[in-house]
Student: 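Here you go, one structure.
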Amino acid sequence: PTTVKEEWEGIASPEAVYLKANYEPTSSESWITVMELIKKCLLFSGTEVGIEKMMKTMKSLGYVIKDNTVKNIKGKTNS
């Protein structure tokens with residue numbers, strides 16, 4: 001069960017919910033473009049997120065972004 005706070009945060013920042021559910025920062029170098037993540041997030045949440053908002057959210061979650069490419073990201077494996 002989610003709290004009211006978590007529910008409101010999900011509404012305000014669907015990109016953060018998507019990123020936390022599907023990706024995690026990694027120390028090894030692997031990359032994906034920010035636009036690719038925005039497209040995947042749109043499919044996941046149905047909400048379009050601007051590139052500036054996505055980059056700001058990603059930086060706050062510990063991702064390194066250079067030239068609109070996330071340099072330290074890996075997909076979570078669902079087990």
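Because only heavy atoms are used, hydrogens play no part in the values below, and waters and symmetry mates are left out as well, while side chains stay in. As the structure is a prediction and not an experimental result, all values here were calculated from the model.
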Student: Quick one: closest heavy-atom pair of L19 and T57, and the distance?
Tutor: CD1-CG2, 4.3 Å
Student: Could you walk me through whether Y18 and S45 pass side-chain contact (heavy atoms from CB on, under 4.5 Å), step by step?
Tutor: CA-CA 8 Å; Y18 171 73; S45 68; 5.9 Å; no
Student: With a 4.5 Å cut-off on side-chain heavy-atom distances among I, L, V, M, F, W and Y, is there a chain of contacts connecting M35 to L42?
Tutor: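 M35 and L42: separate clusters.
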Student: Please confirm whether the backbone N or O of G62 pairs with a side-chain atom of N72, one donor and one acceptor, at under 3.5 Å?
Tutor: yes
Student: Between K74 and E24, does any side-chain N to carboxylate O distance fall below 4.0 Å?
Tutor: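 Looking at K74 and E24, the cut-off is met.
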Student: Is the shortest heavy-atom distance from the side chain of K20 to the side chain of L61 under 4.5 Å?
Tutor: yes
Student: Hey, does Y23 have a side-chain heavy atom less than 4.5 Å from the side chain of L37?
Tutor: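 In contact.
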Student: Does any part of the side chain of M55, heavy atoms only, come nearer than 4.5 Å to the side chain of N68, both counted from C-beta?
Tutor: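 When only atoms from C-beta onward are counted, M55 and N68 do touch, with a gap below 4.5 Å.
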Student: Please determine whether residues I51 and V49 belong to a single hydrophobic cluster, defined as Ile, Leu, Val, Met, Phe, Trp and Tyr linked transitively by side-chain heavy-atom distances below 4.5 Å.
Tutor: yes
Student: Does K5 pair with E9 as a salt bridge, N-O distance under 4.0 Å?
Tutor: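 Looking at K5 and E9, the cut-off is met.
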Student: Side-chain contact, heavy-atom cut-off 4.5 Å: V34 with V70?
Tutor: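 Contact flag for V34/V70 side chains = yes.
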Student: At what distance, to the nearest 0.5 angstrom, does CD1 of I73 lie from OG1 of T33?
Tutor: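 Going from the CD1 atom of I73 to the OG1 atom of T33 covers 10.0 Å.
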Student: How close do G10 and V17 get, counting heavy atoms only, and between which atoms?
Tutor: CA-CG2, 3.5 Å
Student: Do K40 and N22 come within less than 4.5 Å of each other through their side chains, counting heavy atoms only?
Tutor: no
Student: Ignoring hydrogens and geometry, is there a side-chain-to-backbone donor-acceptor pair from K53 to S13 under 3.5 Å?
Tutor: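 No, because the side chain of K53 does not come within donor-acceptor range (under 3.5 Å) of the backbone of S13.
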